[in-house]
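For the single chain, residues carry numbers from 1 onward in sequence order.
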Amino acid sequence: QVQLVESGGGLVQTGGSLRLSCAASGRTFSSYSVGWFRQAPGKEREFVAAISWRGGHIYNVDSVKGRFTISRDNAKNTVYLQMNSLKPEDTAVYYCAAATAWDNLATDYKYNYWGQGTQVTVSS
């Protein structure tokens, strides 16, 4: 069982930065891949980025285009999403999720555990 808690969301102006954190319980966190998804009001949940337990990274290039960076600190059981050059269209609830899989991490059905989400609002 893995429990995930997101933090770091908030209100920021266009062009600003935020760093989201996903803190996980459990001693086997290093064996999980972790992904970030987001959901804006009235829209479907969208993949943002993921980092596998093997260390590989993938991004939704169309959405983040080099602005976001995912990283992990297994000693702290935490995955981070550094978000730079934020735009109003980045406004959403951001969720982290954990998966035992290491492939196809852009698909939400791969994930076994989900956090409650953190709100990110980017003002224009």
Side-chain angles (χ1 to χ4, degrees):
Q1 188 78 8
V2 176
Q3 292 184 327
L4 304 172
V5 178
E6 303 95 335
S7 62
L11 174 64
V12 64
Q13 292 185 334
T14 296
S17 298
L18 286 173
R19 188 176 77 158
L20 304 184
S21 298
C22 174
S25 64
R27 292 177 289 178
T28 61
F29 176 68
S30 60
S31 62
Y32 284 86
S33 301
V34 177
W36 285 97
F37 292 77
R38 67 186 182 186
Q39 188 165 21
K43 295 187 177 182
E44 294 186 353
R45 187 164 55 194
E46 176 187 41
F47 168 74
V48 176
I51 183 165
S52 78
W53 57 263
R54 292 187 171 192
H57 305 173
I58 58 171
Y59 296 93
N60 184 333
V61 176
D62 290 341
S63 297
V64 303
K65 290 185 179 179
R67 298 182 296 124
F68 292 6
T69 302
I70 190 169
S71 61
R72 69 190 300 160
D73 185 338
N74 288 333
K76 295 183 178 180
N77 277 10
T78 302
V79 169
Y80 304 99
L81 184 68
Q82 178 67 44
M83 306 187 297
N84 299 327
S85 303
L86 284 163
K87 305 174 182 180
E89 50 263 44
D90 295 318
T91 295
V93 177
Y94 283 70
Y95 300 89
C96 69
T100 54
W102 57 270
D103 61 340
N104 294 325
L105 294 175
T107 49
D108 57 7
Y109 67 80
K110 281 284 189 175
Y111 293 85
N112 311 96
Y113 305 101
W114 291 82
Q116 294 299 308
T118 185
Q119 176 71 47
V120 170
T121 303
V122 184
S123 63
S124 58

d(Trp53 CH2, Leu105 CG) to nearest 0.5 Å is 11.0 Å

Of all heavy-atom pairs linking Leu86 and Val12, the shortest is CD1-CG1, 3.6 Å

Sorted by chain and residue number, the side chain to side chain contact (heavy atoms under 4.5 Å, CB included) partners of Ser31 (sequence neighbours excluded) come out as Thr28

Check your understanding: Can you list the steps and then say if Val120 with Leu18 is a side-chain contact (heavy atoms from CB on, under 4.5 Å)?
Key -> CA-CA 9 Å; Val120 170; Leu18 286 173; 3.9 Å; yes

All heavy atoms of Ser33 vs all of Ser52, minimum pair found to be OG-CA, 3.2 Å

When rounded to the nearest 0.5 Å, the distance separating CG of Asn74 from CZ of Arg72 is 4.5 Å

Scanning both residues in full, the closest heavy-atom pair of Tyr32 with Thr100 reads CE2-CG2, 3.5 Å

Between the NZ atom in Lys110 and the CH2 atom in Trp102, the distance rounded to the nearest 0.5 Å is 9.0 Å

For Tyr95, the ring-ring contact (aromatic ring centres under 6.0 Å, His included) test, sequence neighbours excluded, returns none

Are any non-hydrogen side-chain atoms of Val48 and Phe68 less than 4.5 angstrom apart?
yes

Using distance only, find each side-chain donor-acceptor pair of residues 37-46 under 3.5 Å and give its atom names and separation, not counting sequence neighbours.
{"residue": "Arg38", "atom": "NE", "partner": "Glu46", "partner atom": "OE1", "Å": "2.7"}
{"residue": "Arg38", "atom": "NH1", "partner": "Asp90", "partner atom": "OD1", "Å": "2.9"}
{"residue": "Arg38", "atom": "NH1", "partner": "Tyr94", "partner atom": "OH", "Å": "2.9"}
{"residue": "Arg38", "atom": "NH2", "partner": "Glu46", "partner atom": "OE1", "Å": "3.2"}
{"residue": "Gln39", "atom": "NE2", "partner": "Lys43", "partner atom": "O", "Å": "3.1"}
{"residue": "Arg45", "atom": "NH2", "partner": "Asp108", "partner atom": "OD2", "Å": "3.1"}
{"residue": "Glu46", "atom": "OE2", "partner": "Ser63", "partner atom": "OG", "Å": "2.7"}

*asked:* If you define the side chain from C-beta out and look only at heavy atoms, does anything of Leu20 sit under 4.5 Å from Met83?
replied: yes

Heavy-atom closest pair (Ala49 atom, Leu81 atom, distance to 0.1 Å) is CB-CD1, 4.2 Å

CA sep, side-chain torsions, deciding dist, call: Tyr111, Val34, side-chain contact (heavy atoms from CB on, under 4.5 Å) | CA-CA 8 Å; Tyr111 293 85; Val34 177; 5.9 Å; no

Hits for side chain to side chain contact (heavy atoms under 4.5 Å, CB included) against Gln3, two or more places apart or cross-chain, chain-then-number order -> Ser25

By side chain to side chain contact (heavy atoms under 4.5 Å, CB included), Thr69 pairs with (sequence neighbours left out) Tyr59, Gln82

Between Ala24 and Leu4, the two heavy atoms sitting closest are CB-CD2, 3.6 Å

Short question: side chain of Asp73, backbone of Thr78 - any donor-acceptor pair under 3.5 Å? no

Exercise. Return yes if some donor-acceptor pair links the side-chain N/O of Thr118 with the main-chain N/O of Gly9 below 3.5 Å, else return no.
Key: yes

Side chain to side chain donor-acceptor pair (under 3.5 Å) pairs touching residues 9-24, sequence neighbours excluded, are Ser17-Asn84

Exercise. When hydrophobic residues are tied together by side-chain contacts of less than 4.5 Å, even through go-betweens, does Val64 share a cluster with Val79?
Worked result: yes

Value for SG (Cys96) from CD (Glu6), rounded to nearest 0.5 Å, stands at 4.0 Å

